[in-house]
Amino acid sequence: MNLHLTHRNYDAAIAELQNRFGAAASTGASVLDLHAGDESHHARQRPDIVVRPQSTQDVAEIVKIAGRHCIPITAFGAGSGLEGGVIPVHGGISLDTSELNQIVEIRADDMIARVGAGVRRLDLNHALRDTGLFFPVDPGANASIGGMVSTGASGTNAVRYGVMRENVLGLTVVTANGDIVKTGSLARKSSSGYDLTRLFVGSEGTLGIVTEVLLRLHPIPEAKSAHAGFATLAGAVDAVTDIKRAGLSIGRVELVDQPLVDVINRRGQLRLAPLPALFFEFHGSVTEIDTLSETIEQIISDNGGTPLRWTDTAQDTKLLWETRRDCLAWAKAERPGSHSWPSDVCVPISRLAEVILETRQDVASSTAPAFIVGHVGDGNFHCVFMLHEHEETEVADYASRIVQRAIAAGGTASGEHGIGLGKRQYLQSEHGAEAIALMQTLKTALDPLGIFNPGKVLPDAGPFSSTSSEHP
Ligand SMILES: Cc1cc2nc3c(=O)[nH]c(=O)nc-3n(C[C@H](O)[C@H](O)[C@H](O)COP(=O)(O)OP(=O)(O)OC[C@H]3O[C@@H](n4cnc5c(N)ncnc54)[C@H](O)[C@@H]3O)c2cc1C
């Protein structure tokens, strides 16, 4: 029998954790339920125990206990993930980072913040409000910074500020043997040694537990928002490309396809032309934006757009972006009892219009209504199905074709949500066998017992593969 399996002992680990962490280690049914899943469509599964560490040192102790008894340990941030990353598919420990919630320091002069992994992004921006700085990565949900690091999150602002990879300067990570490793530095750039920071960014808790993060901050920009409808989806995408090529500074640009515009017109307060729409935020001084507005309006008109409607008041701007935030929830509400299944592909910008159009044509026959929203400035779009349980097989087929289409166009299965449980089957076709083998080598080197979030990201392998799990 495998040495790991002979040492695996869930009961002993639970007893040791309860003994050491008292009330911060819970096996209560409601707590286990809260840590059984995220916002994805994947089946929920309870951990055996939830532990809430208060410090990096606590995390190191938990990891050592997990290692001693060879049981899985899955980090839980805010649970807003969309690929089942927090689901402890082999049971074991759910390590809840919510008490690693200290904003350790804000170095306004360096435009850097050091925060605990459990800090929520809205709390960070609230704490920054008097500094004139903000942290721009905005995945819609009020996610934890550790979760955002681990999924390689981005969102509406990425076109201007980049994704987590560009905005994380360093990390404190607990590795599989309980060592506390610090990566990166306060310097804005570095050519020193292997880039361990970026190895952990996007690793979804499979290589180590992030406990602290050094973040790059940015000055709060002056901005103006606007929206326009387009005769065609292709026209909308081309307008974005042309605006970017003209060097005009887009802070955010979001595509909303016509079925979703129709939902907005039925449910929201914003009145839009019944056409695919783009929501824009331009950054720069207001004078600058006003000077450029003629060029922007010309580009939109040349691509079949309606006249650009600028928001005149702060309230109008708020309404525009709240509408973008809420429109998918409205679409779900229109189909009572449904749940959502979002795809998350990203393709080269030059192929975006074609891939979106093919996707729209393909999903036209779907029984479950499908809506497309896109961070089009990056080539990233989500086709979101609102489905009932009996439609899962049908939707899985559409979702699979969306990924295959994106990979064939030179793109990726996941622009920002991560691989989690849902996209593992595409990893090899996207990266090739050699790259997967190298990823496996890294995983084995960093986590030889396979205790960190087993069953995620990489194809099944190692002591917790589906055939070797002996968890009851
Ligand atoms: C309405 C809605 C809109 C969204 N829009 C976007 C979007 O536009 N862009 C985007 O990128 N995402 C989006 N998301 C997805 C989600 O918000 C992000 O994936 C976010 O980064 C997850 O953060 P979290 O704290 O909730 O992580 P969780 O869901 O708790 O965890 C996610 C993964 O990270 C691991 N993890 C968590 N914390 C740690 C840690 N400290 N150390 C190691 N591993 C850890 C977990 O084990 C899991 O694998 C959206 C979600 C919702 C519900």
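Computed from a prediction, not measured in an experiment: that's the story for all the values here. In each ligand, atom 1 is the first atom listed, and ligand 1 is the first ligand listed.
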Next item on the list: Evaluate the criterion salt bridge (Lys or Arg N to Asp or Glu O under 4.0 Å) for residue pair Arg120 and Asp123; output intermediate values, then yes/no.
Entry: CA-CA 5 Å; Arg120 301 293 185 93; Asp123 293 337; over 6 Å; no
Next item on the list: Would you please write out the protein residues whose heavy atoms approach any atom of ligand 1 to under 4.0 angstrom, listed by chain and number?
Entry: Glu39, Ala75, Phe76, Gly77, Ala78, Gly79, Ser80, Gly81, Leu82, Gly85, Val86, Thr97, Ala117, Pro139, Ala141, Ala143, Ser144, Gly146, Gly147, Met148, Ser150, Thr151, Ala153, Ser154, Gly155, Glu204, Gly205, Gly208, Ile209, Val210, His375, Glu416, His417, Asn453
Next item on the list: Answer yes or no: are there more than 12 heavy-atom neighbours, outside Glu354 itself, under 6.0 Å from its atom CD?
Entry: yes
Next item on the list: On the 0 to 90° scale, with breaks at 30° and 60°, tag the His41-Trp341 ring pair as parallel, tilted or perpendicular.
Entry: parallel
Notebook entry, point to check: With ring centroids as reference points, do His417 and His382 lie under 6.0 angstrom apart?
Noted result: yes
Note to self: Does anything in residues 147-157 form a side chain to side chain donor-acceptor pair (under 3.5 Å)? List the pairs, not counting sequence neighbours.
What the structure shows: Ser154-Glu416
Notebook entry, point to check: Hey, what's the ring geometry for His283 with Tyr161, parallel, tilted or perpendicular (30° and 60° as the breaks)?
Noted result: tilted
